**Q** 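What follows is a single structure, and I will ask about it in a moment.
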Amino acid sequence: MSVTAPPAGDERLLRASPLRTLLGRPELGSVVGAAAVFLFFAVMADSFLRLSSFGTVLYAASTIGIMAVPVALLMIGGEFDLSAGVMVTSSALISSMFSYEMTANVWVGVGVSLLVTLAFGVFNGFLLTRTRLPSFIITLGTFLMLTGLNLGVTKLISESVSTKAIGDMEGFASARAVFASQLSLGSIDLKVTILWWAVLVALATWILLRTRFGNWIFAVGGNDDAARAVGVPVVRTKIGLYMGVAFCAWISGQHLLFSFDVVQSGEGVGNELIYIIAAVIGGCLITGGYGSAIGSAVGAFIFGMTSKGIVYAEWDPDWFKFFLGAMLLLATLLNAWVRKRAEASR
């Protein structure tokens with residue numbers, strides 16, 4: 001009795017073509033947009049293609065990209081954080097004022113700042129999950145409270161809107177090496193924030209694609225009630241995402257402090273929108289459940305190219321916000337088109 005071999009192409013095994021796989025990537029639209037922006041400024045500004053300019057563009061992108069990574073993960077999880085911009089300043093203020101007032105090694109202030117900043121993230125996540133209010137309302141309230149605290153406490157302690165200089169304190173040099181140093185490679189000057197950014201993008205990508213927590217993020221972003229019904233720890237996941245935003249705000253805050261050794265209490269207002277824009281340009285959906293950390297990096301890179309490309313082209317920098325808004329709309333439309341094509345090809 002002969003046994004019939006199974007057909008070579010079993011219809012139960014769906015093999016995705018390379019094109020279909022490419023169309024399914026959330027960051028495809030942003031990569032196309034980044035190539036277009038690069039070519040545009042390469043033609044319009046001769047100095048844009050210099051190696052020294054590349055380091056400047058990467059630095060501008062990294063200062064946004066460090067925060068765009070956790071904001072993208074939070075958006076994939078279906079939430080927002082409007083306090084992210086001022087939280088960066090809060091982190092820097094806490095490090096500076098604690099170190100100065102306690103006459104302590106600056107690393108003590110850095111450690112205290114980490115704990116307090118993470119507590120801000122826990123507060124946002126806990127309040128969100130307990131009240132079930134929209135994250136827009138919760139984090140808008142946190143944004144306003146931190147804005148007031150930053151200014152009020154700084155003026156109360158320092159009798160000024162800025163902190164005291166801590167550049168001569170013990171531990172400042174080593175802290176600057178970790179958070180604000182610079183490496184020269186030929187004619188290219190690379191800030192350490194670029195390394196922080198690359199590590200965070202790699203870590204976030206691994207979490208999203210290779211861990212159970214990554215599956216939970218996509219699940220709660222798609223439908224948190226359905227995710228809860230199948231056993232996903234929604235509360236822990238959302239608190240963890242807000243703590244991720246707080247951790248990266250701490251990194252950015254220390255860079256802000258150790259780059260200049262003083263901090264203005266009013267900084268950071270409005271930056272939260274730039275972080276969200278970078279994530280959206282990178283392919284994250286406002287509705288949650290879709291996006292990638294790599295896309296947020298590409299979105300931040302587009303921001304860096306645009307902000308510095310306008311300078312290299314010697315245009316009026318007042319046009320920057322116009323270009324940023326135009327890129328946001330075009331990237332959103334392109335991402336929507338790519339996603340529809342990917343769904344139609346399945």
Side-chain angles (χ1 to χ4, degrees), residues 59-60 62-64 66-67 70-71 81-124 126-127 137-182 191-193 196 242-243 245-275 307 317:
Y59 174 60
S62 68
T63 56
I64 300 302
I66 287 174
M67 289 302 298
V71 167
D81 191 347
L82 298 181
S83 66
V86 293
M87 197 183 297
V88 171
T89 307
S90 298
S91 171
L93 291 170
I94 293 167
S95 291
S96 178
M97 288 190 288
F98 189 90
S99 299
Y100 186 87
E101 295 300 322
M102 298 299 175
T103 319
N105 186 301
V106 297
W107 281 105
V108 177
V110 169
V112 171
S113 175
L114 174 60
L115 295 177
V116 175
T117 308
L118 287 176
F120 293 151
V122 172
F123 174 81
N124 279 337
F126 179 79
L127 204 59
I137 299 298
I138 297 292
T139 58
L140 178 60
T142 310
F143 161 79
L144 294 172
M145 288 190 294
L146 288 179
T147 302
L149 282 173
N150 288 350
L151 179 59
V153 174
T154 304
K155 292 183 71 173
L156 179 65
I157 294 177
S158 303
E159 298 181 348
S160 173
V161 296
S162 65
T163 59
K164 304 293 186 181
I166 61 170
D168 59 347
M169 293 188 65
E170 184 180 356
F172 184 88
S174 59
R176 170 172 276 183
V178 172
F179 296 107
S181 59
Q182 178 174 290
K191 296 280 191 179
V192 72
T193 51
W196 278 105
Y242 276 104
M243 290 181 69
V245 174
F247 176 74
C248 291
W250 171 75
I251 294 174
S252 296
Q254 305 320 295
H255 171 69
L256 177 66
L257 171 61
F258 294 109
S259 293
F260 305 104
D261 93 357
V262 296
V263 183
Q264 297 291 327
S265 59
E267 293 187 31
V269 176
N271 285 351
E272 62 282 342
L273 295 179
I274 296 177
Y275 307 148
S307 62

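Nothing here was measured: the structure is a model prediction, and the numbers come from that model. The residues of the chain are indexed from 1 along the displayed sequence.
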**Q** For the pair Thr154 (side chain) and Leu151 (backbone), establish whether a donor and an acceptor sit closer than 3.5 Å, ignoring hydrogens and angles.
**A** no

**Q** Within a strict 4.5 Å, meaning less than it, do heavy atoms of the Trp107 and Val178 side chains meet?
**A** yes

**Q** Looking at CG of Leu273 and CG of Leu82, how far apart are the two atoms once the value is rounded to the nearest 0.5 Å?
**A**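 That separation rounds to 7.0 Å.
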
**Q** Which heavy-atom pair separates Phe172 from Ile166 by the least distance, and what is that distance?
**A** CD1-O, 3.5 Å

**Q** What are the two closest heavy atoms between Tyr100 and Met169, and how far apart are they?
**A**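 Smallest interatomic distance, heavy atoms only, reads CA-SD, 4.1 Å.
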
**Q** Without swapping roles, check the side chain of Glu267 against the backbone of Ser265 for a donor-acceptor pair under 3.5 Å.
**A** no

**Q** When rounded to the nearest 0.5 angstrom, what distance separates CE in Met243 from CG in Leu118?
**A**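 Spacing of CE (Met243) from CG (Leu118) equals 5.0 Å.
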
**Q** Where do Val108 and Ala104 come nearest, in terms of heavy atoms and distance?
**A**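 The answer is CB-CB, 4.1 Å.
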
**Q** Angle between ring planes, Tyr59 versus His255, binned at 30° and 60°: parallel, tilted or perpendicular?
**A** perpendicular

**Q** Can a donor-acceptor pair be found, under 3.5 Å and without considering hydrogens, that links the side chain of Ser91 to the backbone of Met87?
**A**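 Absent.
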
**Q** Determine whether the side chains of Thr89 and Asn150 contain a donor N or O and an acceptor N or O closer than 3.5 Å.
**A** no

**Q** Backbone N or O of Met97 within a donor-acceptor pair of the Thr163 side chain at under 3.5 Å?
**A** no

**Q** Got a sec, which residues hit ring-ring contact (aromatic ring centres under 6.0 Å, His included) with Phe123, two or more places apart in sequence or on another chain?
**A** none

**Q** Does some side-chain heavy atom of Val110 sit less than 4.5 Å from a side-chain heavy atom of Phe258?
**A** yes

**Q** Going from CG on Leu256 to CD on Gln264, what distance comes out if it is rounded to the nearest 0.5 angstrom?
**A** 9.5 Å

**Q** How close do Gly171 and Ser174 get, heavy atom to heavy atom, and via which atoms?
**A** O-OG, 3.0 Å

**Q** Considering all heavy atoms of both residues, which atom of Ser90 and which atom of Phe120 are nearest to each other, and what is their separation?
**A**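 Here Ser90 and Phe120 meet closest at CB-CE1, 4.1 Å.
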
**Q** Working to the nearest 0.5 angstrom, can you tell me the gap between Leu140 CG and Ile137 CD1?
**A**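 It comes to 6.0 Å.
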
**Q** Within the side chain of Ser95, is there an N or O that forms a donor-acceptor pair under 3.5 Å with the backbone of Ala92?
**A** no

**Q** Surrounding CD of Glu101 (heavy atoms of other residues, nucleotides or ligands, distance under 6.0 Å), is the total greater than 12?
**A** yes

**Q** Determine whether Val112 and Ile94 make a side-chain contact, defined as any pair of heavy atoms from C-beta on separated by less than 4.5 Å.
**A**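 Of all side-chain heavy-atom pairs linking Ile94 with Val112, at least one is under 4.5 Å.
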
**Q** Any side-chain heavy atom of Tyr275 within less than 4.5 Å of one from Val88?
**A** yes

**Q** Test of understanding: with ring-ring contact (aromatic ring centres under 6.0 Å, His included), list the residues that count as partners of Phe247, not counting sequence neighbours.
**A**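 Trp250.
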
**Q** State, with a plain yes or no, whether a side-chain heavy atom of Met67 is found less than 4.5 Å away from one of Val245.
**A**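 Yes - at least one pair of side-chain heavy atoms lies under 4.5 Å apart.
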
**Q** Enter the distance from Ser62:OG to Lys191:NZ here, rounded to the nearest 0.5 Å.
**A**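 Output value for this atom pair is 9.5 Å.
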
**Q** Determine whether Thr139 and Tyr242 satisfy the following criterion, side chain to side chain contact (heavy atoms under 4.5 Å, CB included), listing intermediate values before the conclusion.
**A** CA-CA 10 Å; Thr139 58; Tyr242 276 104; 3.9 Å; yes

**Q** Hey, could you give me the CD1/CG distance between Ile138 and Leu127, rounded to the nearest 0.5 Å?
**A** 4.0 Å

**Q** Has Ser113 got a side-chain atom pairing as donor or acceptor with Gly109's backbone, closer than 3.5 angstrom?
**A** no

